[in-house]
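Below, chains carry the letters A, B, ... as their sequence lines are ordered, and counting in each starts from 1. Values in this document were obtained by computation on a predicted structure and should not be read as measured data.
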Amino acid sequence: MTYDPLQQEALIQAQWMKEKVFRAPFAREMTPDTPTFYMLVMLPYPSGRIHMGHVRNYTLGDVVARYQRMRGKKVMHTMGWDSFGLPAENAAIQHHIHPAVWTRKNIADMKKQIQRLGISYDWDRELASFEPAYYRWNQWFFLQMWKRGDVFRARRNVNWCEALGTVLANEQVVDGKDERTGHPVIQKPMEQYFFAITKYANELVQGLDTLDWPDNIKAMQRHWIGRSEGVRFSFELTHGERVSVFTTRLDTLFGVSFLALSTEHPIIQAASASDAGLATFCQTIARQSREERLTSDLKLGYRTLLHARHPITGELLPVFAANYVLMDYGTGAVMGVPGHDERDHEFAVTYDLPIRTVIESTSPWDPGVLIESGWYSGMTSAEATHALIQALADTAQAEPMLSFKLKDWGLSRQRYWGTPIPTVHCAQCGVVPESEEHLPIRLPEDIHFTGRGASPLTTSETFLQATCPQCGSPARRETDTMDTFVDSSWYWLRYLDAHNTHQAFNPEEAKAWTPVDLYIGGVEHATMHLIYARYFHKVLRDLGMAHADEPFQRLICQGMVLKDGFKMSKSKGNIVDPDDVIERYGADALRLFMIFASPIEKEIDWTGFEGIEGAARFLKRVERFVEAHTPTTDPLPPVSSLSSEEKKLLSKVHQTIQRMTDDLEVRYSFNTLVSSLMELLNALQEATHLTPAVRQHIVEVLVRLLAPTAPHLAEALWARLGHAGFVAHAPWPDVIPELLVADEILVVVQVNGKVRARLSLPADTRDADKEAAALRCPELQPWLQGKTLVKVVVPAGGKIVSLVVKDA
RNA sequence: GCGGAUAUGGCGGAAUUGGUAGACGCGCUAGAUUCAGGUUCUAGUGCCUGCAAGGGCAUGGGGGUUCGAGUCCCUCUAUCCGCACCA
């Protein structure tokens with residue numbers, strides 16, 4: 001009987017399900033010293049169909065999970081749905097289907113698809129963030145954070161479409177217009193809720209040093225958080241008010257020729273009341289998106305009627321409103337030093353402002369030695385900075401300041417499909433947090449989705465009516481919902497205790513299972529999700545719920561799956577549906593090809609189906625090889641009594657175990673994992689004279705090595721070998737160290753850097769003898785004839801003899 | 001603009017610590033088997049040169065360090081990804 005993946009895979013999956021083969025235990029079921037492994041993959045957004053990126057991600061995670069299970073560990077590996085967000089609401093607007101209905105259907109469809117891949121999830125821990133049972137804990141965390149003072153309200157710009165009366169997401173805005181209707185979009189400040197993530201900015205930077213993450217991801221986070229050390233001090237304006245600036249280059253103070261303030265700066269806003277030109281300028285800038293403001297080379301400014309006094313020279317400096325100064329970084333105001341800052345320089349050229357050189361250095365933008373700077377001349381930049389802070393401490397309130405590019409986490413969304421923010425607006429008490437007993441604050445059903453006007457929640461009378469928890473008088477419920485990044489900032493903890501109705505999760509479970517041992521997901525989440533999640537985890541730690549400082553000890557970011565060089569997307573029509581591939585080749589072939597095709601962190605182009613033919617072919621060869629074997633119970637004879645062919649082959653087998661173990665445990669290199677296995681099969685098929693016992697040993701090893709990548713076939717073959725249990729629970733093969741030692745080694749001889757001979761020598765040959773053997777070797781003589789030997793190098797390890805010769 | 005990466009045969013890639021470049025797979029060529037085949041098996045396959053043995057060249061371009069560089073340093077070019085309201 002031959003193995004037909006299309007029929008067998010479903011049967012095997014049903015058995016796994018029935019026997020709960022992948023069930024992860026609770027902490028209370030384990031002794032404290034039970035070895036555990038938490039294998040986490042980024043939870044998907046239920047868009048409707050899984051795509052190849054999901055297949056890649058989940059297969060990689062599954063290979064590790066299955067391997068760790070075979071190593072005897074208890075493995076946490078499960079799946080959930082990041083199911084709040086814009087697409088469900090768009091579906092509601094366009095197709096008049098309720099977001100919950102749309103989302104439930106998508107989850108059901110995608111779950112079926114994922115299950116066909118044979119991923120070893122404990123489905124009993126499945127969660128979906130749109131369920132009140134989940135999002136009530138978002139609300140609960142919000143209330144705890146409110147108590148700790150980690151939530152605040154402030155005004156910040158949003159994309160505002162006047163015609164629709166709606167706030168738009170960045171992705172909905174194209175060229176300053178609403179993507180759908182083409183109505184213009186402006187930046188408008190709006191009162192919003194924030195998490196004070198910047199309180200943790202320093203710890204978020206420092207924590208990176210403790211993580212086993214790829215260096216590029218750490219670098220991206222460091223830049224995103226953007227820690228810079230500088231100085232804050234103030235300039236006095238001629239009318240007496242003071243404006244505070246932040247600079248990292250106080251040493252250039254004598255080069256200041258103007259001040260530039262953000263158009264949203266309170267001082268500019270105040271001044272525009274009596275300056276029509278300024279007011280117009282500010283409106284123009286408000287129409288630019290943040291992206292335009294940062295990418296545009298054009299530095300736009302407006303010279304106000306204000307002047308500021310230089311804190312040391314007393315010189316009067318013009319004050320500008322400028323588009324390149326951002327209100328949400330530093331203090332929203334900069335001192336303009338055209339001689340030593342590129343942006344200020346560009347601005348000064350445009351507006352014809354003095355450009356002074358006050359630092360001597362290799363480049364105008366680098367620190368150096370001060371000149372033309374009064375009695376600070378001659379000091380180094382560092383000395384001058386220090387001295388100037390002292391000098392300006394009283395007169396200009398100068399003080400060292402850490403500034404971060406990281407902004408506080410704005411979590412308000414004027415949307416329906418998200419977690420309702422649990423506060424009420426009371427005429428007497430203001431904004432008041434809901435009391436915990438009232439959670440969850442549920443999303444109402446009586447909603448009209450129009451895609452225009454304020455949040456859909458404002459159309460529900462039942463939802464709006466609330467009672468002030470503080471004074472008991474009628475109040476209006478908050479209609480903002482939370483950013484969906486909140487949902488994905490703690491889900492891995494909920495997996496551990498997914499059905500708990502009186503706690504987000506039991507801290508004992510967190511203690512037993514976290515930090516997550518390995519987290520795999522797309523590189524596109526390198527900054528936002530992975531910073532928010534780290535932040536949230538630290539808050540949970542400070543609430544006494546999570547015990548580790550960092551949530552994800554090891555991280556792998558997989559590259560994207562492309563088709564013909566582009567991201568697969570519906571709009572491009574270049575989607576390859578995993579179901580079609582499984583239909584034709586089976587899940588094992590798809591899994592095997594996915595991880596073999598390319599290293600994880602690289603993008604992979606699904607150029608066609610040629611590669612997967614090879615994967616399917618390999619699986620058939622394995623099957624035939626095992627099929628041809630008649631099982632025996634004879635034990636493996638001692639190594640000393642093996643024939644030399646058998647010993648050589650068994651060495652290959654055990655080297656392969658060694659390499660694959662290394663690939664799975666240390667290197668996380670999956671494509672080479674598969675190629676080792678292919679190499680092994682090639683070697684096995686060449687072997688002719690094997691005793692049944694040796695063959696039995698080899699076949700048993702082979703099937704177990706196959707089990708993490710092609711689990712269905714491995715399961716079937718394991719049964720055929722007469723085993724009663726699942727190969728999923730079989731132990732990973734142990735290396736017999738004796739078999740790793742080779743009798744002979746290959747020594748390569750180089751002359752002037754070129755390989756001229758290869759010698760096979762006994763493994764215990766000393767380096768000096770290798771050198772002698774090399775010099776004697778006949779094929780080397782033409783290269784040595786008539787030359788003088790200048791130098792011989794035999795590096796440690798002794799695999800190379802390098803000869804340097806020159807003409808005699 | 002800022003930040004992060006990548007570049008090796010016809011293609012995907014391997015080379016784990018500076019030590020045999022091209023493992024493994026795809027594709028292609030030839031032969032065998034089957035013969036309805038899109039099955040299977042064997043051999044070959046970086047480029048140039050040579051009857052052959054062999055030799056030369058070769059890891060995006062240029063330069064450098066070294067006995068030795070795909071790997072380290074400098075520089076240039078090309079391509080891809082992220083940028084805070086997509087998830």
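- The residue among A:Phe485 and A:Thr672 whose nearest nucleotide of RNA chain B is located toward the 5' end is A:Thr672.
- When the C1' atom of B:C24 is taken as reference, atom CG of A:Leu592 falls 11 Å away, rounded to whole Å.
- Side chain A:Gln750 to base B:G19: a donor-acceptor pair is found below 3.5 Å.
- In this structure, B:G10 is classed as anti because its glycosidic torsion departs from zero by more than 90°.
- Rounded to whole Å, atom P of B:A15 lies 8 Å from atom CG of A:Asp663.
- The gap from the C1' atom of B:G70 to that of B:G60 amounts to 12 Å, rounded to the nearest Å.
- Among the atoms of the strands shown, none is found under 4.0 Å from any heavy atom of A:Phe618.
- Judged purely by atom type and a 3.5 angstrom limit, A:Gln558 uses its side chain to pair as donor or acceptor with the backbone of A:Asn57.
- Taking A:Tyr416 as the reference, A:His98 meet the side chain to side chain donor-acceptor pair (under 3.5 Å) condition, with sequence neighbours excluded.
- Using a 4.0 Å cut-off, some side-chain N or O of A:Arg617 falls inside it from OP1 or OP2 of B:G27.
- Between the CG atom of A:Asp662 and the C1' atom of B:A15 there is a distance of 14 Å, given to the nearest Å.
- Inspection of the A:Gln750 and A:Arg756 side chains reveals no N or O donor paired with an N or O acceptor under 3.5 Å.
- Between the side chain of A:Asn138 and the backbone N or O of A:Thr419 there is no donor-acceptor pair closer than 3.5 Å.
- Remark: C1' of B:G4 and NZ of A:Lys405 are 13 Å apart, rounded to the nearest angstrom.
- When only modelled atom types and interatomic distance are considered, A:Tyr324 and A:Ser262 share no side-chain donor-acceptor pair under 3.5 Å.
- On the C1' atoms, B:U45 is 31 Å away from B:C80, given to the nearest whole Å.
- Between B:U40 and A:Arg621, no contact under 4.0 Å exists linking OP1 or OP2 to a side-chain N or O.
- In this structure, A:Arg56 contributes its side chain and A:Gly559 its backbone to a donor-acceptor pair below 3.5 Å.
- A:Asn752 contributes a side-chain N or O that, together with a main-chain N or O of A:Val805, makes up a donor-acceptor pair within less than 3.5 Å.
- One interatomic measurement links the two molecules: CG of A:Asp82 to P of B:A87, which rounds to 8 Å at whole-angstrom precision.
- Ring centroids of A:Phe194 and A:Trp409 are separated by 6.0 Å or more, keeping the two rings apart.
- Judged by distance alone, with hydrogens and angles left aside, the side-chain atoms of A:Thr656 form no donor-acceptor pair with the main-chain N or O of A:Leu680 at under 3.5 Å.
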Both distances under 3.5 Å, Watson-Crick or G-U wobble: on that basis, could you give the dot-bracket string for RNA chain B, with [ ] for crossing pairs and | for other-strand partners? (((((((..(((......[....)))((((((.......))))))((((....))))..(((((..]....))))))))))))....

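- At least one side-chain nitrogen or oxygen of A:Asn682 sits closer than 4.0 Å to the OP1 or OP2 atom of B:G25.
- A:Leu746 comes within contact range of at least one nucleobase, with a heavy-atom separation under 4.0 Å.
- Within the 4.0 angstrom heavy-atom criterion, no nucleotide atom of any strand lies near A:Glu686.
- Between A:Lys218 atom NZ and B:G4 atom P there is a gap of 15 Å when expressed in whole angstrom units.
- Across all strands shown, A:Gln414 has heavy atoms under 4.0 Å from base atoms, whether or not it also approaches the sugar-phosphate.
- Within 4.0 Å (heavy atoms only), A:Ile217 reaches no atom of the nucleic acid at all.
- Straight-line distance between the P atoms of B:G82 and B:A87: roughly 15 Å, to the nearest whole Å.
- Counting non-hydrogen atoms under 4.0 angstrom, A:Arg659 reaches a base of the nucleic acid.
- For B:G19, neither phosphate oxygen OP1 nor OP2 lies less than 4.0 angstrom from any side-chain nitrogen or oxygen of A:Lys799.
- Nucleic acid contact class of A:Ser598 (heavy atoms, under 4.0 Å, all strands): sugar-phosphate only.
- The side chain of A:Arg667 places an N or O atom within less than 4.0 Å of a non-bridging phosphate oxygen (OP1 or OP2) of B:A15.
- Among the atoms of the strands shown, base atoms are found under 4.0 Å from some heavy atom of A:Trp224.
- At whole-Å resolution of the value, NE2 in A:His223 and P in B:A84 are 17 Å apart.
- Taking atom P on both nucleotides, B:C35 is separated from B:U16 by 48 Å, rounded to a whole Å.
- Nucleotides B:G63 and B:A15 place their C1' atoms 25 Å apart, quoted to the nearest Å.
- Atom P of B:G4 sits at a distance of 48 Å from the matching atom of B:U39, rounded to the whole Å.
- Distances shown here put a side-chain N or O of A:Arg624 below 4.0 Å from the OP1 or OP2 atom of B:C41.
- Using a 4.0 Å heavy-atom distance criterion, A:Val804 is classed as a sugar-phosphate-only contact.
- Between B:G56 and B:G1, the distance separating the two P atoms is 47 Å to the nearest Å.
- Remark: the separation of the C1' atoms in B:G10 and B:C28 is 8 Å, to the nearest Å.
- Rounded to whole Å, the distance from CG on A:Asn752 to P on B:G68 is 8 Å.
- Backbone-only contact: A:Lys754 has heavy atoms under 4.0 Å from sugar-phosphate atoms and none from a base.
- At a threshold of 4.0 angstrom between heavy atoms, the contacts of A:Arg756 are confined to the sugar-phosphate backbone, with no base atom among them.
- Under 4.0 angstrom from either OP1 or OP2 of B:A14 there lies no side-chain N or O belonging to A:Ser675.
- Among the protein residues, A:Pro44 comes within range of no part of the nucleic acid, since none of its heavy atoms lies under 4.0 Å from any strand.
- Side chain to side chain, A:Thr672 and A:Ser675 fail the donor-acceptor criterion of an N or O pair below 3.5 Å.
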